[in-house]
Amino acid sequence: MVDKRRVRVLREGNMGSGPVVYVMGRDFRAQDNWALLYAQEKAKAAKVPLGVLVHFGKNFIATNERQHDFLIEGLKEVSAELEALNIPFFITIGDWKKEVAEFVRTHEVSLLVTDFSPLHEMRWWWDEVSHGVEVPVHEVDAHNVIPCWVASPKEEFAAYTFRPKVHRLYKEFAGAIPKTAHHPYSWGVSKRACWPRGYAKDGCCAIDWGGVKKLRSYDAEVPPVAWLKPGPVAGEAVLRQFITQRLHVYDAERNDPTKRAISDLSPYIRFGYLSTQRIAHEIEKVRRDQDAKAAFIEELVVRRELAENFCFYNPNYDSFAGIKNWAKETLDAHRKDVREYLYTPEQFERAETHDPLWNAAQLEMVKTGKMHGYMRMYWAKKILEWTASPEEAIEIALRLNDRYELDGRDPNGFVGVLWSIGGVHDRAWSNRSVFGKIRYMNYNGCKRKFDVKAYVEKHQGTTAALF
DNA sequence: ATCGGCTCGCGCAA
DNA sequence: TGCGCGAAGCCGAT
């Protein structure tokens with residue numbers, strides 16, 4: 001049974017007699033998925049078919065070719081896995097209100113289930129959809145170990161206020177997740193035919209993935225990356241490799257961008273190919289490296305779910321308006337400070353600053369789709385230092401993050417940028433030029449901690465090939 | 001190499 | 001009301 005505390009009712013109402021549909025918005029996987037398990041539980045109780053729907057609309061889950069490719073290639077795998085479980089996979093394209101509402105009417109859907117995201121797009125969409133359909137809509141937190149609204153009822157001040165709440169509830173929610181079962185009630189073949197309209201191949205049932213892939217290719221400006229393969233199977237392999245090859249050095253070396261100690265799991269978590277709870281469970285099973293395990297669980301659960309908490313409770317999670325008063329005041333007091341360097345958004349984007357370390361970080365992100373976590377702090381703080389205003393710095397950092405990172409457009413990214421530039425979840429430090437009391441970082445600090453030259457050499461070059 | 005100060009405010013003990 | 005201490009640091013003194 002899915003814990004009732006994972007579920008929120010977005011639209012009240014009684015179930016009809018038709019199939020249950022899970023609208024996958026964020027957690028693209030067939031196993032370890034509480035939203036799918038909940039939908040299946042409801043469908044089994046009502047003895048009705050179960051289907052999964054993914055909607056491709058404006059400002060959807062991916063906004064460029066790199067992320068779109070990572071999504072489509074993974075979705076192919078997920079959809080096949082669902083079909084094998086007798087859970088048909090559908091897509092709709094275009095306007096939410098029209099397409100989803102029509103899907104619901106055509107198939108006489110009795111209940112819509114979705115996965116939780118704290119981000120505006122998803123919440124606004126569901127607000128609209130809930131008003132545009134006449135069936136109940138239930139939302140399930142399938143992304144967090146502890147459901148966001150259960151972990152805390154308010155915006156947390158810092159990790160230290162959130163941590164004890166997480167630790168109190170962790171044992172209750174963590175652990176193995178039941179398997180998604182082969183669904184016992186079939187969706188009639190004739191009813192499936194011709195959906196999605198215009199993207200069905202061979203008459204029915206098969207989706208024209210080539211067509212879907214072309215659907216949202218923006219320019220070829222942000223190409224897919226080859227080193228990280230999309231999908232749950234690839235995610236599983238990365239998790240295995242992390243546990244066997246890198247976990248033992250995670251504690252000591254995760255802040256050294258020249259070492260290979262980090263998990264590389266964030267893109268898989270971002271697209272839901274891997275469940276956080278499942279990752280946590282696999283880590284807990286390891287019988288060695290206790291310090292490394294604790295450090296990883298801290299980042300995977302406490303800090304990642306703190307980012308979800310911030311976006312869920314703070315509607316200004318992506319702007320200056322979202323930071324704390326002490327930080328606004330101190331940044332305001334330093335607005336007129338002389339900036340030693342000033343760069344345009346294009347200069348940042350093309351990695352054309354005077355600082356080879358900053359350029360290397362930017363190049364790492366542009367070329368690989370994943371900047372090392374430690375460098376993300378330095379990178380964002382320097383954007384604050386080298387732009388005319390904190391608003392502009394936040395805008396540039398978020399735009400670049402969301403455009404190039406495979407794990408962009410995610411709560412972690414918003415909080416990472418606002419932590420660096422706006423002191424979110426941080427404390428005040430010594431007053432200095434431009435930064436005010438926002439924690440400062442510099443080149444010398446990096447030199448003390450890792451081999452800067454090696455990092456710069458590893459990511460040298462230009463962005464010329466991309467523009 | 002190590003340490004204290006920087007500086008704010010939450011949460012808890014009292 | 002007082003007090004301890006915190007998301008990843010820096011800097012100068014010793």
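Throughout, protein chains are lettered first and strands after them, A, B, ... in sequence-line order, and every chain is numbered starting at 1.
Taking atom P in both dC3(B) and dG6(C), the straight-line distance is 16 Å, to the nearest Å. Straight-line distance between the C1' atoms of dC11(C) and dT7(B): roughly 15 Å, to the nearest whole Å. For the P atoms, the distance linking dG5(B) with dG4(C) amounts to 14 Å, nearest Å. Rounded to whole Å, the C1' atom of dT2(B) lies 23 Å from the corresponding atom of dA7(C).
In 5' to 3' order, the nucleotides of DNA chain C bounding all contacts with chain A (an atom under 4.0 Å from a heavy atom) are dG6(C) to dC11(C).
Under a 3.5 Å cut-off, the side chain of Asp289(A) and the backbone N or O of Leu247(A) do not form any donor-acceptor pair.
Relative orientation of the Tyr38(A) and His138(A) rings is tilted, given thresholds of 30° and 60° on the angle between their planes.
No contact: Val302(A) has no heavy atom under 4.0 Å from any strand. Within the nucleic acid shown, Asn444(A) has no heavy atom closer than 4.0 Å to any nucleic acid atom. At a threshold of 4.0 angstrom between heavy atoms, the contacts of Met377(A) include nucleobase atoms, whether or not backbone atoms are also involved. At a threshold of 4.0 angstrom between heavy atoms, the contacts of Arg254(A) with the nucleic acid are absent. In this structure, Arg376(A) reaches neither bases nor backbone, as no heavy-atom distance under 4.0 Å exists between it and the strands shown. Using a 4.0 Å heavy-atom distance criterion, Asn255(A) is classed as a base contact. Within 4.0 Å of Arg304(A), counting heavy atoms only, lies no atom of the nucleic acid at all.
With respect to Arg303(A) and Glu298(A), a salt bridge is recorded, a charged nitrogen being found less than 4.0 Å from a carboxylate O. Looking at Lys213(A) and Glu73(A), a side-chain N of the basic residue comes within less than 4.0 Å of a carboxylate O on the acidic one, giving a salt bridge.
Enclosure of atom NE2 in His131(A) is not indicated, since only 12 or fewer non-hydrogen atoms of other residues, nucleotides or ligands lie within 6.0 angstrom. The number of heavy-atom neighbours closer than 6.0 Å to NZ of Lys179(A), taken from other residues, nucleotides and ligands shown, is 12 or below. Counting heavy-atom neighbours within 6.0 Å of Glu299(A) CD, excluding the residue itself, gives a total above 12.
Between the side chains of His372(A) and Asp256(A), no donor-acceptor pair is found at a separation under 3.5 Å.
Geometrically, Arg339(A) does not engage Trp386(A) in a cation-pi contact, judged by NZ or CZ lying under 6.0 Å from the ring centre and within 45° of the ring axis. Geometrically, Arg29(A) does not engage Tyr273(A) in a cation-pi contact, judged by NZ or CZ lying under 6.0 Å from the ring centre and within 45° of the ring axis.
Separating the CD1 atom of Ile438(A) from the P atom of dC6(B) is a distance of 19 Å, rounded to the nearest angstrom.
Across every strand in view, dC6(B) sits in a pair with dG9(C) that passes the Watson-Crick or G-U test at under 3.5 angstrom.
Between Tyr443(A) and Tyr378(A), the ring center distance fails the sub-6.0 Å criterion.
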Nucleotide N/O to protein N/O under 3.5 Å, stretch nucleotides 12-14 of chain B:
none

Which pairs, protein N/O on one side and nucleotides 8-11 of chain B N/O on the other, fall under 3.5 Å?
{"from": "dC8(B)", "atom 1": "OP1", "to": "Lys437(A)", "atom 2": "NZ", "distance (Å)": "2.6"}
{"from": "dG9(B)", "atom 1": "N2", "to": "Tyr160(A)", "atom 2": "OH", "distance (Å)": "3.2"}
{"from": "dC10(B)", "atom 1": "O2", "to": "Tyr160(A)", "atom 2": "OH", "distance (Å)": "3.4"}
{"from": "dG11(B)", "atom 1": "OP1", "to": "Lys154(A)", "atom 2": "NZ", "distance (Å)": "3.4"}
{"from": "dG11(B)", "atom 1": "OP2", "to": "Lys154(A)", "atom 2": "NZ", "distance (Å)": "3.3"}

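What you find for Thr180(A) and Gln40(A) is that their closest heavy atoms are CG2-OE1, 3.7 Å.
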